[in-house]
Amino acid sequence: MKFQPKASHFIDGAYVEDTAGAPIDVVYPATGEVIARLHSATPEIVERALLSAKAAQKAWAAMTGTERGRILRRAADIMRERNHELSVIETHDTGKPIQETTVADATSGADALEYFGGLAGSLTGEHIPLAGGDFVYTVREALGVCVGIGAWNYPTQIACWKGAPALACGNTMIFKPSETTPLAALQVAEILVEAGAPNGVYNVVQGYGEVGAALVTDPRVAKVSLTGSVPTGRKVYAAAAVGMKHVTMELGGKSPLIVFDDADLENAVSGAILGNFYASGQVCSNGTRVFVQKRIKAAFLKRLSERLSLAKIGDPMDPEVSFGPMVSARQMEIVKGYVARGIAEGARLVCGGGRLDRPGFYLQPTVFADVTDGMTIAREEIFGPVMAVLDFATEAEVMERANSTEFGLAAGVFTRDLTRAHRVVKAFEAGTCYINTYNLAPVEAPFGGSKMSGVGRENSKLAINHYSELKTVYVSMNDVQAPY
Ligand SMILES: NC(=O)c1ccc[n+]([C@@H]2O[C@H](COP(=O)([O-])OP(=O)(O)OC[C@H]3O[C@@H](n4cnc5c(N)ncnc54)[C@H](O)[C@@H]3O)[C@@H](O)[C@H]2O)c1
Ligand SMILES: C[N+](C)(C)CCCC=O
């Protein structure tokens with residue numbers, strides 16, 4: 001098979017196989033063809049990964065941050081050199097167009113490795129002076145073995161966004177990719193070893209939910225970082241709480257994107273396209289509830305339809321193609337179900353709505369207008385190329401409606417009135433906000449959600465706090481005063 005890796009798992013610096021594990025077929029979403037067959041980790045494989053990660057951790061943490069950082073930065077360089085090869089794998093794993101994967105996946109992973117590699121040498125505690133010459137100093141320490149669990153929409157990026165800060169702080173990692181897209185993380189593990197990471201520092205085990213659950217509940221694991229849906233997040237967070245483990249939860253969303261009538265229309269349409277149709281709409285932070293002020297609604301919908309007609313849908317390996325298939329037949333069926341609900345509940349289908357008559361899991365970019373807040377397509381995360389356009393009249397009204405959701409991942413506003421933009425952003429109940437753009441996630445900026453969309457942040461200096469803890473050391477410079 002065309003993309004068959006050497007083996008399913010990567011443990012202790014080498015590929016490892018155990019065909020006793022349940023099969024995982026990797027399907028190329030553009031054709032439905034099986035391109036690799038892997039196996040879910042057996043309990044023996046999980047145990048090997050845990051033993052290896054545990055054994056490697058102390059020595060890895062004992063290296064200087066500068067030494068660890070050098071390895072991460074070398075890995076970043078290798079990823080950039082191999083960007084094309086890695087992008088081809090990402091496209092076959094996910095179905096995302098090569099035009100997208102070339103600029104958004106291995107490159108984003110390399111950014112994380114480079115950024116956290118750069119920070120690794122400067123991780124410190126602090127000195128706190130106290131009365132009488134006493135003082136406290138704090139020591140920043142690694143947590144131990146960290147588990148990363150990935151979703152299927154950004155397999156390379158997620159493997160690096162979790163691995164890079166974990167390793168920079170002196171932790172080791174066991175990463176379990178989504179069973180839908182298991183290929184990319186193996187490349188990340190190989191590259192880290194090539195860059196000089198000692199065996200056992202970054203391991204990959206494949207598997208379904210139960211493999212993730214076995215890792216989360218193991219007492220040797222100090223931290224769990226999940227990217228996935230809210231229902232999975234609830235389970236993983238609860239299981240981690242039993243062992244009082246650290247967690248990062250990057251979960252789903254139903255984010256609002258508000259377009260005021262003074263907005264630059266062309267930019268607002270571009271933002272709405274980026275926030276709904278990139279990766280065929282399979283992006284956690286997508287602004288899928290697009291609130292458009294009534295006066296410009298007709299113009300917005302007209303221009304949006306014109307622009308969507310320019311999308312080039314087709315073979316994701318064609319560099320001209322800008323819109324590819326959904327990741328799986330299952331996800332396509334889920335999204336088709338939402339389209340049918342939208343129609344049944346009275347939303348107006350402006351464009352799209354159908355499956356393309358070709359092999360693979362292709363749905364048209366779909367826009368609904370006249371959507372109201374109670375409709376299913378305005379309340380639930382669809383995770384596909386379906387935009388819901390809702391009308392609004394006033395700022396006060398739209399803010400109330402925008403925040404009226406259990407989710408709080410992202411939110412955006414388009415307006416030329418910057419005073420209003422900052423007022424709106426202050427009122428948003430969301431972790432990641434945008435003014436006059438959408439869905440950018442540079443490594444220097446914290447990324448993550450509020451409310452049901454998550455706990456903690458990825459990227460930026462803040463991620464260091466989520467992968468390390470401080471030891472407090474009180475130093476007395478005086479005699480000890482005891483009462484008797
Ligand atoms: N906030 C973010 O950064 C972000 C990024 C990408 C995707 N997502 C979200 O991910 C979802 C789509 O991805 P998905 O369908 O792969 O999500 P999912 O929740 O079905 O699965 C996510 C991962 O969790 C594993 N898993 C399932 N049950 C588990 C359990 N009991 N214990 C441990 N692990 C378990 C799966 O095998 C998979 O690797 C969407 O809701 C999307 O919004 C969020
Ligand atoms: C970089 N993006 C496009 C904001 C995606 C982050 C991960 C969400 O699915």
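Quick caveat: nothing in here was measured; it's all calculated off a predicted structure. Ligands are counted one by one from 1 in listed order, and the atoms in each one are counted from 1 as well. Computed from heavy atoms alone, side chains included, the values below leave out hydrogens, waters and symmetry copies.
Under 4.0 Å from ligand 1, the heavy atoms of Phe447 that appear belong solely to its side chain. Contacts with ligand 1 closer than 4.0 Å are made by heavy atoms of both the backbone and the side chain of Thr227. Only the side chain of Glu179 comes within contact range of ligand 1, with a heavy atom under 4.0 Å; no backbone atom does. Residue contacts with ligand 1 for Gln282 are absent, since no atom lies close enough (heavy atoms, distance under 4.0 Å). Within the 4.0 Å heavy-atom criterion, the part of Leu251 lying near ligand 1 is the backbone and not the side chain. At a heavy-atom cutoff of 4.0 Å, ligand 1 is contacted by no atom of Leu215, backbone or side chain.
Taking 4.0 Å as the cut-off, Tyr154 does not count as a neighbour of ligand 1 on heavy-atom distance. Ligand 1 has Pro177 within reach: a non-hydrogen atom of the residue lies less than 4.0 Å from it. At least one heavy atom of Ser178 sits under 4.0 Å from some atom of ligand 1.
Annotation for Met452 and Leu251: closest pair O-CD1, 3.6 Å, computed over non-hydrogen atoms.
Below 4.0 Å from some heavy atom of Ala213 lie the following atoms of ligand 1, by number and element: 32 (N), 33 (C). For ligand 1, the atoms sitting less than 4.0 Å from at least one non-hydrogen atom of Cys284 are 1 (N), 2 (C), 3 (O), 4 (C), 5 (C), 6 (C), 7 (C), 8 (N), 43 (O), 44 (C), numbered in the order shown with element in parentheses. For ligand 1, the atoms lying closer than 4.0 Å to a non-hydrogen atom of Gly209 are 26 (N), 27 (C), 28 (N), 29 (C), 30 (C), 32 (N), 33 (C), 34 (N), 35 (C), 37 (O). Here is the list of ligand 1 atoms found below 4.0 Å of a heavy atom in Gly150: 22 (C), 23 (C), 38 (C), 39 (O). Every atom of ligand 1 is numbered from 1 in the order shown, and the set under 4.0 Å from a heavy atom of Thr232 is 18 (P), 19 (O), 20 (O), 24 (O), 26 (N), 27 (C), 28 (N), 29 (C), 35 (C).
No side-chain N or O of Arg37 forms a donor-acceptor pair with one of Ser8 less than 3.5 Å apart. Side-chain contact of Glu380 with Tyr338: a donor-acceptor pair under 3.5 Å is present, judged by distance alone. Thr376 and Glu345 share a donor-acceptor pair across their side chains, judged by distance under 3.5 Å alone. With no hydrogens or angles considered, a side-chain donor-acceptor pair links Trp161 and Ser108 at under 3.5 Å. Between the side chains of Asp12 and Asn203, not a single donor N or O lies within less than 3.5 Å of an accepting N or O. Side chains of Thr101 and Thr91: a donor-acceptor N/O pair is present below 3.5 angstrom, by distance only. Side-chain contact of Tyr154 with Gln282: a donor-acceptor pair under 3.5 Å is absent, judged by distance alone. Donor-acceptor pairing under 3.5 Å is lacking for the side chains of Thr405 and Lys451. Using a 3.5 Å distance cut-off with no hydrogens or angles, the side chains of Glu90 and Thr156 do pair a donor with an acceptor.
Closest protein heavy atom to atom 43 (O) of ligand 1: Glu381 OE2, 2.5 Å. Among all protein heavy atoms, the one lying closest to atom 15 (O) of ligand 1 is Trp152 NE1, 2.8 Å. For atom 2 (N) of ligand 2, the nearest non-hydrogen atom of the protein is Asn439 O, 4.1 Å. At the shortest separation from atom 9 (O) of ligand 2 among protein heavy atoms lies Cys284 SG, 2.6 Å. Among protein heavy atoms, atom 3 (C) of ligand 2 sits closest to Tyr154 OH, 3.6 Å. Considering only non-hydrogen protein atoms, atom 1 (C) of ligand 2 sits nearest to Ala441 CB, 3.6 Å. What sits closest to atom 6 (C) of ligand 2 on the protein, heavy atoms only, is Gln157 OE1, 3.7 Å. Nearest protein heavy-atom contact of atom 12 (C) of ligand 1 is Phe383 CE2, 3.7 Å.
Put simply, the side chain of Gln99 gets close to the backbone of Pro319: a donor and an acceptor are under 3.5 Å apart.
Within 6.0 Å of CD on Glu400 lie no more than 12 heavy atoms contributed by other residues, nucleotides or ligands.
Residue Asn153 has at least one nitrogen or oxygen atom sitting less than 3.5 Å from a nitrogen or oxygen atom of ligand 2, judged on distance alone. Looking at ligand 2, you won't find any N or O of Phe447 less than 3.5 Å from one of its N or O atoms. In terms of N/O distances under 3.5 Å, ligand 1 is approached by Glu250.
A salt bridge is defined here as a Lys NZ or Arg NE, NH1 or NH2 lying under 4.0 Å from an Asp or Glu carboxylate O, and Asp318 with Lys312 meets this definition.
Between Trp152 and Phe383, the gap from one ring centroid to the other is short of 6.0 Å.
Closest heavy-atom approach to atom 17 (O) of ligand 1 among the candidates Ser255, Gly449, Ser229, Ser285: Ser229. Summarising the contacts of atom 9 (C) of ligand 1 with Gly228, Ala239, Gly252, the nearest heavy atom is found in Gly228. When the heavy-atom distances from atom 24 (O) of ligand 1 to Asn153, Ile334, Ile149 are ranked, the shortest goes to Ile149.
At least one cation-pi condition fails for Lys162 and Phe175: the charged atom is not both under 6.0 angstrom from the six-membered ring centre and inside a 45 degree cone around its axis.
Note that OG of Ser404 is 9.5 Å distant from CZ of Arg401, once rounded to the nearest 0.5 Å.
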